[in-house]
Amino acid sequence: MMLRTTVFLIIFGLSLTYCRGAYKDVLWLVDASSSVSADDHALTMGFIYNVTSYLTIGDNDIRMGVVKFDDEANALFELDDNNNKASLLSAINSISYTQSTVSSRKTMDALTYTRTLYLSIKGGRSDAGKVVIVIESGPSTNTPLTITKANDLRTSYGAEVFAIGIGSDLSKTNDELQGIANDPDSYYVEYIGGFINLCGIVPSILPKIDNETTATMLDGCDEWVEPTTAEITSTERMTEATISQTNEGLDIGAVVGILLSCLLILAILACVLYLLYKRKRRKDKKGPDKSEDDIVKAVNEYNDTSLGEKRHMYKRDTSSINITPTKTMSEKDTMFTVYENLGERSVTSSIIDVKIPI
């Protein structure tokens, strides 16, 4: 009789062990930066709600907590705040949206904060499996440190860390997503084009939390189908980089060329203005050229001189002629006498050769 009772209890205990849900502490780390809209928030909470609705929640099953992060991390509720499914679903449904004012994502701080939530005073159970699911819509402010913190969780708690990337700022092969997630990436990394596609990956993520639980595609969900694009080869990447650098060099060369052209034009204008200025200064300093007028005047005065009763000498005074000749026609004075037979009168005159400017 005693033997039968013992066997029954063993079988009953094993039945309870294998019939109950997974025994895990599950934490969701949710991107709450300024890039996440109210609609994105609603879709995220709906995704977590749908996943939770399939799981067995309780002190001897799954406990769950939710952390939001932007430039800091905060727990929306901790692991021991809700010990049954109804309470947990209500708590998820009650998470309100607050628009963040910062665009930075300190994912590394959220991963560090996770260690605090795994403490027993926060509901962490030392004998429970640890699961962390990170939802990002863009890279963190420090990718190497983020990866280091994820590695710390794997080393300290043996945690399974999943990464869900959303949007054009990320990709399935993003270094940060692959660094956050456990290996292999094909199992632990999920990538979708938008928050609207979160509902469609419920059947994919659910059995990874509890391998005895499955779900089919929910009605109304947009299933994410990743676009098939040809992989860019390393040669093509180098070509694109070379073209980009060449274009950048051309742009810089064009700017330098324009600046040099402008400087050359300014230099030419300055030279022209300087030459005009110098020419005007020389003209003002030299003054009008009156040398020819003075010579004509001297000749006219000589011709108009009245004739006396006797011969007389007439010599033209040239001291008032103020000229600076540029070419000398004759360096000596020539004296000549003009005799005019005017009866008993005659005139003897003397003229000084002058230097005539050319």
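Side-chain N or O atoms of R125 include one that pairs as donor or acceptor with a backbone N or O of K24 at under 3.5 Å. Under a 3.5 Å cut-off, the side chain of N84 and the backbone N or O of S87 do form a donor-acceptor pair. N93 places no side-chain N or O within donor-acceptor distance of the main-chain N or O of S90, the cut-off being under 3.5 Å. Judged by distance alone, with hydrogens and angles left aside, the side-chain atoms of S137 form no donor-acceptor pair with the main-chain N or O of I166 at under 3.5 Å. Between the side chain of N74 and the backbone N or O of K68 there is no donor-acceptor pair closer than 3.5 Å. A distance-only check finds no donor-acceptor pair linking the side chain of N50 to the backbone of F47 [under 3.5 Å]. Distance alone, capped at 3.5 Å, places no donor-acceptor pair between the D80 side chain and the S120 backbone. A donor-acceptor distance shorter than 3.5 angstrom exists from the side chain of E176 to the backbone of S140, with no hydrogens or angles considered. Between the side chain of K85 and the main chain of S53, a donor-acceptor pair closer than 3.5 Å is present.
Considering only heavy atoms from C-beta on, L88 comes within 4.5 Å of F77 through its side chain. Contact of the Y157 side chain with the T114 side chain is not registered, since no non-hydrogen atoms from C-beta on lie closer than 4.5 Å. Side-chain atoms of I48 and M45, non-hydrogen and from C-beta on, do get closer than 4.5 Å to each other. Counting heavy atoms from C-beta outward, L111 and F69 have side chains that stay 4.5 Å or more apart. Here the side chains of I135 and W28 are in contact, with some heavy-atom distance below 4.5 Å. Proximity of L177 to K172: side-chain heavy atoms (C-beta onward) are nowhere separated by under 4.5 Å. Annotation: side chain of P139 is in contact with side chain of L170 (closest heavy-atom distance under 4.5 Å). Between Q178 and T173 the shortest side-chain heavy-atom distance falls below 4.5 Å.
Among all heavy-atom pairs drawn from A215 and V202, the shortest one is CB-CG1, 4.5 Å. When all heavy atoms of A110 and A73 are compared, the pair lying nearest together is CA-CB, 3.7 Å. Annotation for I147 and I180: closest pair CG1-N, 4.3 Å, computed over non-hydrogen atoms. Nearest heavy-atom pair, Q99 versus V36, reported as atom, atom and distance to 0.1 Å: OE1-O, 4.0 Å.
Applying the side chain to side chain contact (heavy atoms under 4.5 Å, CB included) test between I164 and each of I201, V134, D31 identifies I201 as the sole match.
Taking the six-membered ring where tryptophan is involved, the planes of F162 and Y188 are tilted, since the angle between them lies from 30° to 60°.
Interatomic distance, CE of M64 versus CD1 of I133, reported as 7.0 Å (0.5 Å rounding). For the atom pair OG1 of T213 and CD1 of I62, the computed distance is 7.0 Å after rounding to the nearest 0.5 Å. Atoms CZ and CG, from R115 and L117 in turn, are 12.0 Å apart once rounded to the nearest 0.5 Å. If you take CG on L43 and CD1 on I196, they are separated by 5.0 Å, rounding to the nearest 0.5 Å.
For S35 and R105, the side-chain atoms include at least one donor-acceptor pair closer than 3.5 Å. Between the side chains of Y23 and D127, a donor-acceptor pair is found at a separation under 3.5 Å.
Between K208 and E160 there is no salt bridge, since no side-chain N of the basic residue sits under 4.0 Å from a carboxylate O of the acidic one.
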Derivation of the side chain to side chain donor-acceptor pair (under 3.5 Å) call for S37 and D40: CA-CA 5 Å; S37 68; D40 297 336; 3.1 Å; yes
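Contacts of K130 classified as salt bridge (Lys or Arg N to Asp or Glu O under 4.0 Å), with partners at least two apart in sequence or in another chain: D25.
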